[in-house]
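Values reported hereafter were calculated over all heavy atoms of this structure, with side chains retained and with hydrogens, waters and symmetry mates removed. Quick note: residue numbers are just sequence positions, from 1.
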Amino acid sequence: MSASSDARLREALFAPRCVALIGASADIAKNNSRPQRFLRKHGYTGRILPINPRRTEILGEPAYPELKLAPGPIDHAFIMVPAPAVPDIVAQCCELKIPVATIFSAGFAELGEQGLARQREMVKMARAAGLRLLGPNCMGIVNVQGKTALTVNAVIEHEPLTPGPLSVISQSGSLLGSLLTRAQARGLGFSKLVSVGNECDLGVGEIAEMLVDDADTGAILLFLETFRDAPKLARAARRAFAAGKPVIAYKLGRSGVGRQIATTHTGAMCGPDEIANAFFRAHGIIRVDMFESLFETPRLALGHRPPAGRRVAVVTGTGGAAAMVVDRLGVLGAEVVGPSAAVIANLAARDIHISDAPLTDIVMGQSGGGRYATILSELLASDHCDAVVAVIGSSSQSGPQVIVERVLEARHRDRKPLAVFLSPRAEQGLLLLEQNGIAGFRTPESCADAVNAYLNWSAPAPPAAHAGRELAEAAAVVARSQGARLNESDSCRLFAALGITVAESRVLTQAADCADIPGPVAVKILSADIPHKTDAGMVRLNVPVASVRHEAERMLEDARTKFPAARIDGVLVQRMEHGIAEVIVGYRRDPEVGPVVLLGAGGTAAELRRSFCMRIAPVTIAQAEAMIDEVRDLAVLRGYRNLPRADCDALASAIHALSLLALLDARIVSEAEINPLIVKAEGEGVVAVDGLVVFADSA
């Protein structure tokens with residue numbers, strides 16, 4: 001779309017001059033009466049056209065029996081009729097060249113295949129005519145500054161709308177009301193609120209792009225249940241980051257319930273939560289774990305960029321309350337640091353004496369006289385930490401003066417994020433903090449969650465460069481491949497084309513064949529239909545050369561007995577390899593967010609150990625190096641306790657190489673993994689000793 005058409009769509013969606021309400025009702029007890037009442041209640045000054053065949057007037061506005069009989073032009077149609085009647089209304093919108101329609105009506109994709117088919121036909125018709133659709137099954141939009149409350153959300157009945165910099169896109173319409181009431185009670189204000197429903201056309205990503213261009217939006221908040229158009233959301237998030245507008249997400253689905261059965265260990269390990277984290281990290285989106293943190297975190301991020309580290313300093317005059325925050329931060333993996341030597345010396349010069357303990361706990365009764373604010377100022381100015389938490393106890397209830405003296409009089413508040421936790425119930429104190437642009441928190445858990453979310457924030461990942469020759473060779477291997485899955489030998493041929501060293505091996509098609517590989521060797525069944533050979537008992541290790549024929553004969557016989565339907569391509573005889581550690585390097589094309597690459601501790605128990613990390617693919621060498629540092633069980637690779645260092649450079653190169661599968665288009669690879677990849681001593685490289693590749697057409 002052109003810039004001018006983008007602007008016209010944005011105006012029709014958020015600031016329409018004329019709204020048609022199809023299915024409007026004069027009965028204030030019905031949902032269908034709400035949009036008209038809410039629009040006028042909250043100051044909408046444009047034209048409202050109620051459409052109802054049985055009324056000539058509704059709530060003081062002239063009503064019309066049909067949409068086509070209403071005076072135009074109409075900018076936005078809000079559809080509230082039963083699902084079977086919706087396509088006809090959409091057709092009328094197309095005929096009248098209405099730019100956008102919001103569909104409140106339910107009864108489409110959320111009901112199953114038949115509803116999805118009706119929805120798709122409706123979208124096809126709308127797109128042909130240039131009509132954009134929001135919904136169906138959505139509650140509408142609210143433009144606070146523009147005084148356009150085009151929604152059926154019941155909260156808008158009684159809740160005043162406070163203007164502010166926060167805009168929200170939610171896949172749950174009812175949650176918009178919960179967010180609005182909780183946040184506004186704390187003095188936070190909003191710009192735009194959007195319920196997207198089924199996202200049949202306009203979705204989270206495209207609307208987020210509109211908000212990047214919205215002058216009234218300072219931060220974009222997302223309540224997500226799933227990813228429906230990840231590429232558009234990724235593009236919007238990157239544009240928002242460049243514009244200095246933080247994107248903050250709360251996403252359901254951490255439990256992994258409903259995870260599909262996967263062919264590879266990688267597929268089984270790639271749960272929805274891990275994939276969501278990888279997506280958010282790749283595109284500069286801040287993820288919070290608590291609903292309340294969704295509206296509390298923006299103040300920490302506004303005006304700041306991602307931190308250099310994960311270090312947080314904590315100051316308090318009430319040890320117990322601060323300890324709850326510190327304990328939670330530690331559980332979340334943040335590094336709580338004590339004051340630096342320079343901070344201690346600067347304060348000592350002012351006759352304020354503190355220790356270098358992780359928690360700066362001011363002696364009871366010594367927080368007044370400007371001492372608290374002075375300590376806080378030094379922590380904010382120091383480069384030994386990336387964020388500061390200030391905890392105030394029961395004195396925060398005594399009146400605003402305590403907040404003023406301890407927090408508002410502190411200097412350098414613009415240097416880094418400052419989070420203030422008030423341990424008692426102190427609503428006026430929280431309101432005062434918000435009015436002064438400071439992030440205030442009413443629970444230690446939400447304070448720690450928001451601070452940790454900020455510390456986990458990173459800039460969008462740069463695009464990964466790739467070696468054209470290796471990619472071309474890999475594409476040629478894939479183009480020649482047969483079947484939905486590759487056996488180990490063919491999989492390793494693909495990995496080798498990508499530049500990954502593979503173990504020397506020979507394929508024996510019958511037991512009488514011989515293998516000219518020095519022993520001892522590994523003997524494995526070669527079949528794409530038996531992916532987990534060790535679990536199936538189809539692997540023999542450390543086999544002497546003299547016993548290869550016997551073991552091969554036994555293995556072929558066992559395979560034909562245990563797996564009569566499997567295609568057996570022979571027996572793979574492979575050189576035994578040894579190194580410092582075994583890792584799993586995996587790849588998967590996720591149906592929601594696209595390609596991801598995984599690194600973890602390898603072996604047959606890879607899924608059980610749950611020691612891994614994930615990134616959106618492809619990755620750069622630098623990103624691959626960061627992945628190695630992130631997996632705790634791979635500390636042995638880095639010379640843990642004076643053990644020999646492993647070749648982490650070669651491992652990073654292998655991770656990068658496997659992630660390039662994301663760029664292959666000759667055939668789409670849905671899953672691939674090397675498990676294990678043997679990591680040898682520093683300078684000796686890595687070697688793949690087992691592998692599996694599954695193509696998307698296997699479905």
Side-chain angles (χ1 to χ4, degrees), residues 300 310-332 334-430 432-433 436 438-452 455:
L300 285 179
R310 303 197 69 248
R311 306 161 301 169
V312 57
V314 183
V315 59
T316 185
T318 173
M324 290 190 291
V325 178
V326 169
D327 187 52
R328 182 64 182 162
L329 284 168
V331 169
L332 294 171
E335 183 183 359
V336 181
V337 296
S340 66
V343 168
I344 294 172
N346 290 343
L347 291 172
R350 300 186 181 194
D351 200 28
I352 300 175
H353 301 283
I354 62 172
S355 74
D356 61 356
L359 175 59
T360 301
D361 191 358
I362 303 170
V363 177
M364 186 176 294
Q366 298 297 310
S367 295
R371 284 182 289 273
Y372 193 111
T374 301
I375 295 171
L376 181 56
S377 298
E378 286 292 335
L379 293 175
L380 289 166
S382 174
D383 61 3
H384 82 288
C385 61
D386 303 291
V388 178
V389 175
V391 181
I392 301 178
S394 56
S395 57
S396 61
Q397 266 194 331
S398 61
Q401 192 57 33
V402 171
I403 306 294
V404 172
E405 289 180 354
R406 299 188 184 181
V407 179
L408 301 187
E409 291 183 358
R411 295 171 291 112
H412 312 304
R413 286 193 280 117
D414 60 337
R415 295 277 186 92
K416 66 185 63 158
L418 169 62
V420 180
F421 167 48
L422 307 182
S423 63
R425 185 175 180 272
E427 302 301 331
Q428 291 304 309
L430 291 171
L432 181 61
L433 290 170
N436 285 273
I438 299 171
F441 299 88
R442 65 181 185 86
T443 70
E445 293 83 8
S446 65
C447 179
D449 179 43
V451 171
N452 182 65
L455 295 174

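Contact annotation: the side chain of Ile362 approaches that of Val315 to within less than 4.5 Å [non-hydrogen atoms, C-beta and beyond]. For the pair Val451 and Leu329, the minimum side-chain heavy-atom distance is below 4.5 Å. Using a 4.5 Å heavy-atom cutoff, the side chains of Thr318 and Ile392 are not in contact. Side-chain contact between Leu432 and Val404 is present, with heavy atoms from C-beta onward closer than 4.5 Å. No side-chain heavy atom of Val336 sits under 4.5 Å from any side-chain heavy atom of Leu359. Residues Val312 and Val337 have side chains not in contact (no heavy-atom distance under 4.5 Å, counting atoms from C-beta outward). Leu376 is listed as a side-chain neighbour of Leu418, based on a closest heavy-atom distance under 4.5 Å.
A side-chain donor-acceptor contact under 3.5 Å links Ser377 to the backbone of Arg411. For Gln397 (side chain) and Arg425 (main-chain N/O), a donor-acceptor pair under 3.5 Å exists by modelled atom type. Side-chain atoms of His384 do not come within 3.5 Å of backbone N or O of Val343 as any donor-acceptor pair. Formation of a donor-acceptor pair under 3.5 Å by the Lys416 side chain with backbone atoms of Leu379 is found in this model. At distances below 3.5 Å, at least one donor-acceptor pair connects side-chain atoms of Asn346 with backbone N or O atoms of Ala342.
Minimum interatomic distance between Thr443 and Phe421 (heavy atoms only, all atoms of both residues): C-CE1, 3.5 Å. Residues Ala373 and Ala410 come closest through the heavy atom pair O-CB, 3.9 Å. Taking both residues in full, the closest heavy atoms of Arg413 and Ile438 are given as NH1-CD1, 3.3 Å, listed atom of the first, atom of the second, then distance. Closest of all the heavy-atom pairs between Pro339 and Ala357 is CD-O, 3.5 Å. Residue Ala390 comes nearest to Tyr372 through the heavy atom pair CB-OH, 3.5 Å, listed as atom of the first residue, atom of the second, then distance. Between Ser367 and Gly317, the closest heavy-atom pair is OG-CA, 3.9 Å.
For the atom pair SG (Cys447) and CZ (Arg328), the distance works out to 12.0 Å, reported to the nearest 0.5 Å. Atom CZ of Arg415 and atom SG of Cys385 lie 11.5 Å apart (nearest 0.5 Å).
Legend: salt bridge (charged side-chain N to carboxylate O under 4.0 Å, His left out) pairs involving residues 368-388, not counting sequence neighbours, sorted by first then second residue: Arg311-Asp386. Applying the salt bridge (charged side-chain N to carboxylate O under 4.0 Å, His left out) test to pairs two or more places apart or on separate chains, none has a residue in residues 351-369.
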**Request:** Mind running side chain to side chain contact (heavy atoms under 4.5 Å, CB included) on Leu422 and Leu433 for me, showing each step along the way?
**Result:** CA-CA 10 Å; Leu422 307 182; Leu433 290 170; 4.2 Å; yes

**Request:** Could you check Asn436 against Val407 for side chain to side chain contact (heavy atoms under 4.5 Å, CB included), going step by step and ending with a plain yes or no?
**Result:** CA-CA 10 Å; Asn436 285 273; Val407 179; over 6 Å; no

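When the shell of 6.0 Å around CD of Gln428 is examined, it contains 12 or fewer heavy atoms from other residues, nucleotides or ligands.
No hydrogens or angles considered: a donor-acceptor pair under 3.5 Å links the side chains of Arg310 and Asn452. Looking at Arg406 and Ser395, their side chains do bring a donor and an acceptor atom within 3.5 Å of each other.
Listed by chain and residue number, nothing satisfies the side-chain hydrogen bond (donor to acceptor under 3.5 Å, both in side chains) test with Ser423 (two or more places apart in sequence, or in another chain).
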